[in-house]
S.K.: 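Okay, here's the structure, questions in a sec.
In this text the structure is predicted, and so the values were computed from the model without any measurement. By convention in this document, chain letters (A, B, ...) are assigned in the order of the sequence lines, proteins followed by strands, and residues within each chain are numbered from 1.
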Amino acid sequence: LILYGPNEFFDRKVKKCLACLIAHPRADEFREIKMKHRTLFAATLLMGTMLTATMANAKSLVYCSEAAPANFDPAITTGGNDFDASSRTIYSRLVEFSHGGTTLEAGLADKWEISADGKEYTFHLHPGVKFQTTSFFTPSRDLNADDVVFSFERQYKADNKWNTYMKDITYDYYQGMDMPKYIKEVVKVDDLTVKIVLTEPNAPMLANLGMDFASIMSKEYADKLQAAGTLEKLASEPVGTGPFQFVDYQVDSVIRYAAHPGYFKGKEKLDELIFAITPDASARMQKVLAGECDVMPYPNPADIAALKANKDVVLMQQAGLNVGYMSYNTTQAPFDKVEVRKALNMAINKKALIESLFGGGGAMEATNLIPPTMWSYNKDVKDDAYDVEAAKKVLAANGVTAIDLWASDKFRPYNPSFQRAAELIQQDWAAVGVKATIKTLEWTEYRKEGKKADRPGAFQIGWTGDNGDPDNFFATLFSCSAVGVSNYSSWCNKEFEDVIQKAKVTSDIAERTKLYEQAQVIFKREAPAFTLDHSQVYSVTNKKVTGFMMDPLGIHRFDGVDKSE
Amino acid sequence: MFRFILNKLLLVVPTLIGITICSFMFVRLLPGDPILAMAGEHGVTPERYEILKEQFGYNAPIWQQYLNYLWTLAHGDFGVSIATKRSVISEFAVLFPATLELSFMAMLLAIIVGIPAGILAAVKRGTWLDHTTMGVALTGYSMPIFWWGLLLIIFFSGYLGWTPVSGRIGLQYFIKPTTGFLLVDTLLNGRWDAFVSALRYLILPSIALGTIPLAVIARQTRSAMLEVLGDDYVRTARAKGLSPARVIGVHALRNALIPVVTTIGLQVSTLIAGAILTETIFSWPGIGKWMVDSIFKRDYVAVQSGLLLISIVVMVFNLLIDLLYAVVNPRIRAA
């Protein structure tokens, strides 16, 4: 166009083409097609208007999520964003965590019994639970025991067709929570009764069943997909019993849900739930401020103060179910000595360290391994006091002068910068005559190296709880069987091990509480690690949103949420 | 002309092989491991790690993995993403139109603003107008996209409230993709209001992405114009008594545009590189954002095949530009 200049272009091409159109022998045909198009056009226009009209009355909530879900099968995904988009919206479980807490309440199962030997869990399903009717599936029956059996068997039976329904899938959480070790079988007793048989008693099992991977799927839908040979649709066109049903997903951009009209706990007040995927935290905040989204997770730590001062939005905060800590390899000299580990702890100015890492109010000092929001937290345990002189004396007496200090490049909720933390700890230790050498590695390599039983030095790490059970912290991170896996201290203490193993097989909560309180005392006395912090987690909502609650498990739930106009 | 095309096409094959080697090696040179990245916070037991490694085929020697990769590629199979389990080619097909749409608008902006700005600067050479235009262009060229994009959002969306912050279209519009280009799809559906919405969402990312090409085009146009304006035939045209507009617009510009067209062609790779940052900031569901996500997840398959697909696109564009150049400039055809 530019080359010829507009006039010349028109002359040469357009005129010629127009002429050919008018004089074309099949001009009538063209006209006919044009007419057809016009009818089609009018029809779509009408449909479009109708759609807009219905939407204008619908109550919809926009959640600016932090990342796109890998897919919609909560058993084969591991990210919090995956779970928000699938298990917490579309699916339900046998038992559920209370909204905003970690105690368990009835889900698809109205009630359950645990046998005296702690090895048989019998669940009584809520009668008349409806699966969602979507554009791709119409259920012919209500939820029954077959669905529950299917949901678990696909994860552990290697000969189940659904165990490998897509290329290279792995049931990471089922494996990670040690379910293969504990679950012997899942049996249908009758249509509304299911029995889960364990190989040995395991008290945290109930909490595991409230986790995302234990979401209940429709066997009828799975059978239909299997008959059609489109198994992979289980992960892209999900059907569940949860509060919201799947409508559409535009990859990396928008997920749409509608309220499930037959939801067994009652239809939600929101008609429509939209996830607008917004990975950049600054853009997310601008979207909330501009009213483009109603709820956002994870604001930038630097923006917290401004958000707190802003009258137009609500900043919500909660102590996360997490802990940041630094593991000493207790099998290596000089860290095999309790007094050395304690002295190193005492040399660190924890308060200043947290202040500098998180700014004001970003995190609280950790005394115990578990956060204070978790049941069995022991308030009587006293932290190692910050005492440079005492530390210096012990370290000099033991001849400790050099130490490896590990750091990674990754932002974690419990530690925004391992690198910065390492530099500050390095200074503190220099003050007591110990020279720390910082070793930095990429995150996955970092953990691979860190868990080696012969790894030297102090290793910064942390944990975010899965199921709100203390066992999920104590046993996962410091049991003898976790050495080489996730016990970065390689710490295997008989006294501690006995207590946590006993707590694991006891179903009485009061008794378990006592045992875990005892475990915390032992932990502090033996100091296999430096407990750093429990960080605060933030969400922002606009003022119209009611009923949204932060969740200690780090999930974002929209059941029970409403929006005023 | 035919030989010219054939030569260009023959060059494509070795380039493609080179790209497969690069994309295959680079993603493996990154520290990190897809299996561990996939396992999340939990980590995996050493036994299970070995099982998974075997299952994914990462136990084989690296050259064998590469040959396997080539073998599947030869069968037209770009593989299945480790993270999402969807086929890479289908992910690409869904996301690519979004990037193309954004790049097109960015380029359009760059051309519409850049060429006139360059002409103006050349014609008013040495005046404050020239200095200002070129100064602004240099600033635009030097601006980091992520910073510039955020600045645009904070000012135009946050402070003035004129444009939406991020996304592709207003959330009240639910347009099923047919072509994948929202500007086209909205019109196909006869939704004028949705079209306007999609256009509004395009403004800021187009500016963010178009700034660098705009600066380059403006500067290139200026220098090309300056060269041509001093030529004999321009003086002749002036001497003939033609209007200044005709001298500049027809005689000078048409000849000055030849290097500019080349520059525009070269900007395709700049656009793709810029799209990675722009899309991340503006939550634009395109291939740039997809590549970033895949790299973070150490999704070897998505990264290596995605890079290959992007390279093919860039090569096709370069080829087209070469051909266009040959059409515009007869001297090339002869050579």
Side-chain angles (χ1 to χ4, degrees), chain A residues 2-3 5 41-42 44-45 48 51-52 55-56 60 62 67-68 70-71 76 78-79 166-170 172-173 175-177 232 235-236 248 250-254 256 274 276-280 282-284 286-287 289-290 292 441-445 447-448 451 463-464 466 476 484-486, chain B residues 30-33 36-46 48 52 55-56 80 82-86 91 94-95 98 115 150 153-154 157-158 161 164-168 171-172 174 176-177 188-191 193-194 249-250 253-254 257 280-286 289-290 293 297-298 328:
Chain A
I2 294 163
L3 293 176
F41 181 78
T44 39
L45 199 68
L51 202 68
T52 333
M55 287 181 98
S60 66
V62 181
N71 58 57
I76 60 172
T78 52
M166 286 193 293
K167 191 171 180 273
D168 293 337
I169 55 170
T170 50
D172 288 315
Y173 259 96
Q175 296 281 342
M177 298 308 291
E232 70 285 354
S236 60
D248 181 68
Q250 306 211 326
V251 178
D252 270 3
S253 171
V254 183
R256 286 167 197 278
I274 298 171
I277 297 157
T278 318
D280 188 85
S282 306
R284 267 206 304 277
Q286 291 299 332
K287 271 176 101 79
L289 295 179
E292 283 175 38
L441 277 180
E442 184 275 337
W443 179 238
T444 56
E445 289 291 323
R447 286 182 302 163
K448 201 153 87 182
K451 62 186 164 199
W463 180 249
T464 301
D466 297 304
T476 311
V485 183
S486 49
Chain B
L30 283 175
D33 180 319
L36 292 177
M38 210 165 49
E41 202 90 346
H42 265 276
V44 288
T45 59
R48 193 162 160 73
L52 290 175
Q55 185 186 334
F56 284 91
V80 173
I82 297 173
T84 66
K85 318 290 179 202
R86 284 189 293 266
E91 297 233 301
V94 169
L95 299 170
I115 289 180
L150 272 179
I153 290 182
I154 291 169
S157 313
V165 179
S166 74
R168 229 185 139 189
L171 290 166
Q172 68 270 38
F174 184 12
K176 275 272 173 195
L188 282 179
N189 280 294
R191 298 287 304 276
D193 49 343
V250 180
L253 183 60
R254 267 177 70 172
L257 275 180
T280 306
I281 292 164
F282 289 94
S283 319
W284 193 265
K289 186 166 152 244
W290 174 56
D293 288 348
K297 288 178 192 148
R298 300 291 183 267
V328 174

S.K.: Applying salt bridge (Lys or Arg N to Asp or Glu O under 4.0 Å), name anything that partners B:Lys289, two or more places apart in sequence or on another chain.
M.R.: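 With neighbours one apart ignored, the set is empty.
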S.K.: Pick one of side chain, backbone, both or neither for A:Gln175, based on which atoms fall under 4.5 Å of a heavy atom in chain B.
M.R.: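 A:Gln175 touches chain B through side-chain heavy atoms alone.
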S.K.: Would you name the heavy atoms of B:Ile281 and A:Ala283 that are closest together and state the gap between them?
M.R.: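 Shortest heavy-atom contact: O-CB, 3.4 Å.
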S.K.: What pairs with B:Ala98 under side-chain contact (heavy atoms from CB on, under 4.5 Å), at least two apart in sequence or on another chain?
M.R.: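 B:Ala98: side-chain contact (heavy atoms from CB on, under 4.5 Å) contacts with B:Arg168, B:Trp284.
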S.K.: If you take all heavy atoms of B:Ala83 and A:Ala70, which pair is closest and at what distance?
M.R.: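 Result for this residue pair: O-CB, 3.4 Å.
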S.K.: For chain B, find which of A:Glu232, A:Met166, A:Lys287 contributes the most heavy-atom pairs closer than 4.5 angstrom.
M.R.: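 Ranked by heavy-atom pairs under 4.5 Å with chain B, first place is A:Lys287.
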S.K.: For chain B, which candidate among A:Leu441, A:Asp248, A:Ile76 shows the most heavy-atom pairs at distances under 4.5 Å?
M.R.: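 That would be A:Asp248.
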S.K.: When rounded to the nearest 0.5 angstrom, what distance separates OG1 in B:Thr84 from CG in A:Asp252?
M.R.: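 Atom-to-atom, B:Thr84:OG1 and A:Asp252:CG are 9.0 Å apart.
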S.K.: So for A:Gln250, is it side chain, backbone, both, or neither that comes closer than 4.5 Å to the heavy atoms of chain B?
M.R.: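 Side chain only.
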S.K.: Any sub-3.5 Å donor-acceptor pair from A:Glu292's side-chain atoms to B:Val165's backbone N or O?
M.R.: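 Pair found, side chain donor or acceptor close to backbone of B:Val165.
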S.K.: As an exercise: rank A:Val62, A:Asn71, A:Ile169 by heavy-atom pairs under 4.5 Å with chain B and give me the winner.
M.R.: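 Highest number of heavy-atom pairs under 4.5 Å: A:Ile169.
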S.K.: Output the distance between atom CD (B:Gln172) and atom CD1 (A:Ile274), rounded to the nearest 0.5 Å.
M.R.: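 The CD atom of B:Gln172 sits 8.5 Å away from the CD1 atom of A:Ile274.
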S.K.: Given the options B:Gly158, B:Ser157, B:Ser166, B:Gly161, which has more heavy-atom pairs under 4.5 Å with chain A than any of the others?
M.R.: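 If we count pairs closer than 4.5 Å to chain A, B:Ser166 comes out on top.
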S.K.: So what's closer than 4.5 Å to chain B heavy atoms on A:Val254: side chain, backbone, both or neither?
M.R.: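 Only the side chain of A:Val254 comes within 4.5 Å of chain B.
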S.K.: Can you tell which of B:Val94, B:Leu95, B:Asp293, B:Val80 has the highest number of heavy-atom pairs within less than 4.5 Å of chain A?
M.R.: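 Highest number of pairs under 4.5 Å: B:Leu95.
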S.K.: Taking the side chain as everything from C-beta on, heavy atoms only, tell me whether B:Ser283 gets closer than 4.5 Å to A:Ser253.
M.R.: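 When only atoms from C-beta onward are counted, A:Ser253 and B:Ser283 do not touch, as no gap falls below 4.5 Å.
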S.K.: Under 4.5 Å from any heavy atom of chain B, what part of A:Ala290 do you find: side chain, backbone, both or neither?
M.R.: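 For A:Ala290, the side chain is the part near chain B, not the backbone.
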S.K.: Of the backbone (N, CA, C, O) and the side chain (C-beta and beyond), which part of A:Ile277 lies under 4.5 Å from a heavy atom of chain B, both, or neither?
M.R.: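 Both parts, heavy atoms under 4.5 Å.
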S.K.: Can you name the nearest heavy-atom pair linking A:Val251 to B:Arg86, along with the distance?
M.R.: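 Heavy atoms only, the tightest pair is CG1-NH2, 4.0 Å.
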